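First comes the structure, then the notes that go with it.
We're numbering straight along the sequence, starting at 1. If you're wondering where the values come from, they're calculated on a predicted model, not measured in any experiment.
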Amino acid sequence: MDARRLEDLKLFVDRCKANPSILYNPSLSFFKSYLESMGALIPPKIKTENYDEEFPDYKKSNVSSNDTMDEGIVESDVELDSTDVVEADNDLPQKMGDPSREVTEENQDAAQILKGKAMDAISEGNLNEAMDHLTEAILLNPISSIFYSMRGNVFIKLKKPNAAICDANAALQINPDLAKGYKVRGIARAMLGLWEEAASDLHVASRIDFDEEINEALKKVVPNARRIEEHRWKYERLRKERELKKIQRERQSKRAEFIFKKEKMEQTSVSTTVQLLVKLVFLHVWGFCCVVIWALC
């Protein structure tokens, strides 16, 4: 027999030793029957995932698995106590003082008198009058954080949280350590349903100068802020779990694709080997026949 064909035959035998399941290929049934007739014991076929049957159209299957993935996480509403929440005020901006203006002693004194009048008006329930007095005081002494925080408190009583936040910001810009500025802004933010921001401001105010009003506001705000935080943690965890599942699906998809291609390549290789084996058997029989004919002659 030709040395090259003999080498090919040895290669085929080595492949059969490495993977006896090749012999269960239908195209090699004649060879398997021959081996068994000679008393050979064929190892049982190793059960593997049949991706030709499970993935008749791999790309189509892959797209389908992505399409059936969770449609995203729809967050449910958080149950909050919104008893004191009001509609946002969209009035024209209130008058603000010019911080670059020089403040004389006369202006400071006049502003203090207006402050007293505003306090009297607040005690009598005349909030609009109190706001007018405080606005005049701010224009006379625009570098006083107290006047801004007082007017912000009046805006809270008038149910105008945006205006109150504007005054609180101005007060804190002048004096970043003003407890009343944080308290006014915290209560105003709570009125708008900004629970986490409100809790942050009120906690700062309580650390600087704790009072009962801040404590009462915290009792209403903190539970809502905690519910929102827990809600965020919950859905953040769900989103991470979803991302992890997505990564696992992608890994499984890549593994399936690898095995699918590998088995296709093995089938092609087996087909080529079968063709070679058939040729070798034919040549062997033909050579044997030639020898017999020559002997008879």
**Request:** Decide, yes or no, whether a salt bridge links E241 with R237 under the criterion of side-chain N to carboxylate O below 4.0 Å.
**Result:**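 Salt bridge between E241 and R237, a charged N being under 4.0 Å from a carboxylate O: yes.
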
**Prompt:** Should R232 and E229 count as an ion pair when the cut-off is N to O under 4.0 Å?
**Reply:** no

Nearest non-hydrogen partners of [X] and [Y], listed with the distance:
X	Y	result
V184	S149	CG2-O, 3.7 Å
I228	E196	CG2-OE1, 3.5 Å
P142	P99	CB-N, 4.2 Å
L192	P161	CD2-CG, 3.5 Å
R101	L139	NH1-O, 2.7 Å
G181	A168	O-CB, 3.5 Å

**Message:** Let's go through L80 and R227 carefully: what are the C-alpha distance in whole Å and the side-chain angles of both, what is the deciding distance for side chain to side chain contact (heavy atoms under 4.5 Å, CB included) to 0.1 Å, and is it a yes or a no?
**Reply:** CA-CA 8 Å; L80 302 173; R227 290 190 190 103; 4.0 Å; yes

Could you give the distance from [atom1] ([X]) to [atom2] ([Y]), rounded to the nearest 0.5 Å?
X	Y	atom1	atom2	answer
M191	N162	CE	CG	10.0 Å
W233	E230	CH2	CD	7.0 Å
I214	L202	CD1	CG	7.0 Å
I113	H133	CD1	NE2	12.0 Å
L140	K115	CG	NZ	14.5 Å
I156	I165	CD1	CD1	8.5 Å

**Prompt:** Mind checking whether L218 and H203 have side chains closer than 4.5 Å, heavy atoms only?
**Reply:** yes

**Message:** Strictly by salt bridge (charged side-chain N to carboxylate O under 4.0 Å, His left out), give each pair with a member in residues 200-219 just once, sequence neighbours left out.
**Reply:** K183-D211, K183-E213, R185-D201, R189-D201, E216-K219

**Message:** Considering only residues two or more places apart or on different chains, which pairs with a residue in residues 127-141 satisfy salt bridge (charged side-chain N to carboxylate O under 4.0 Å, His left out)?
**Reply:** none

**Message:** Please evaluate residues D91 and K160 with respect to the criterion side chain to side chain contact (heavy atoms under 4.5 Å, CB included), reporting the C-alpha separation (whole Å), side-chain torsions for both, the decisive distance (0.1 Å), and the verdict.
**Reply:** CA-CA 9 Å; D91 300 337; K160 294 184 178 183; 3.2 Å; yes

With no hydrogens and no angle check, is any side-chain donor or acceptor of [X] less than 3.5 Å from a backbone partner on [Y]?
X	Y	result
N175	D177	yes
Y148	I174	no
T104	N107	yes

**Prompt:** In the hydrophobic clustering that connects Ile, Leu, Val, Met, Phe, Trp and Tyr at side-chain heavy-atom distances below 4.5 Å, which members other than F210 occupy its cluster, ordered by chain and number?
**Reply:**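 F210 clusters with nothing; isolated.
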
**Prompt:** Can you list the other members of the hydrophobic cluster that holds L134, where links are side-chain heavy atoms under 4.5 angstrom apart?
**Reply:**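 Cluster partners of L134: M119, I122, L127, M131, I146, M150, V154, F155, L158, L172, L178, Y182, V204, I208.
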
**Results of side chain to side chain donor-acceptor pair (under 3.5 Å) for T135 - residues two or more places apart only** =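 T135: side chain to side chain donor-acceptor pair (under 3.5 Å) contacts with R151.
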
**Request:** Only counting residues at least two apart or in another chain, list the ones meeting side chain to side chain contact (heavy atoms under 4.5 Å, CB included) with N141.
**Result:** V103, Q108, A111, I143, S144, F147

**Request:** I would like to know whether D84 and K220 meet salt bridge (Lys or Arg N to Asp or Glu O under 4.0 Å); could you show each step before the answer?
**Result:** CA-CA 9 Å; D84 297 326; K220 297 179 181 178; 3.1 Å; yes

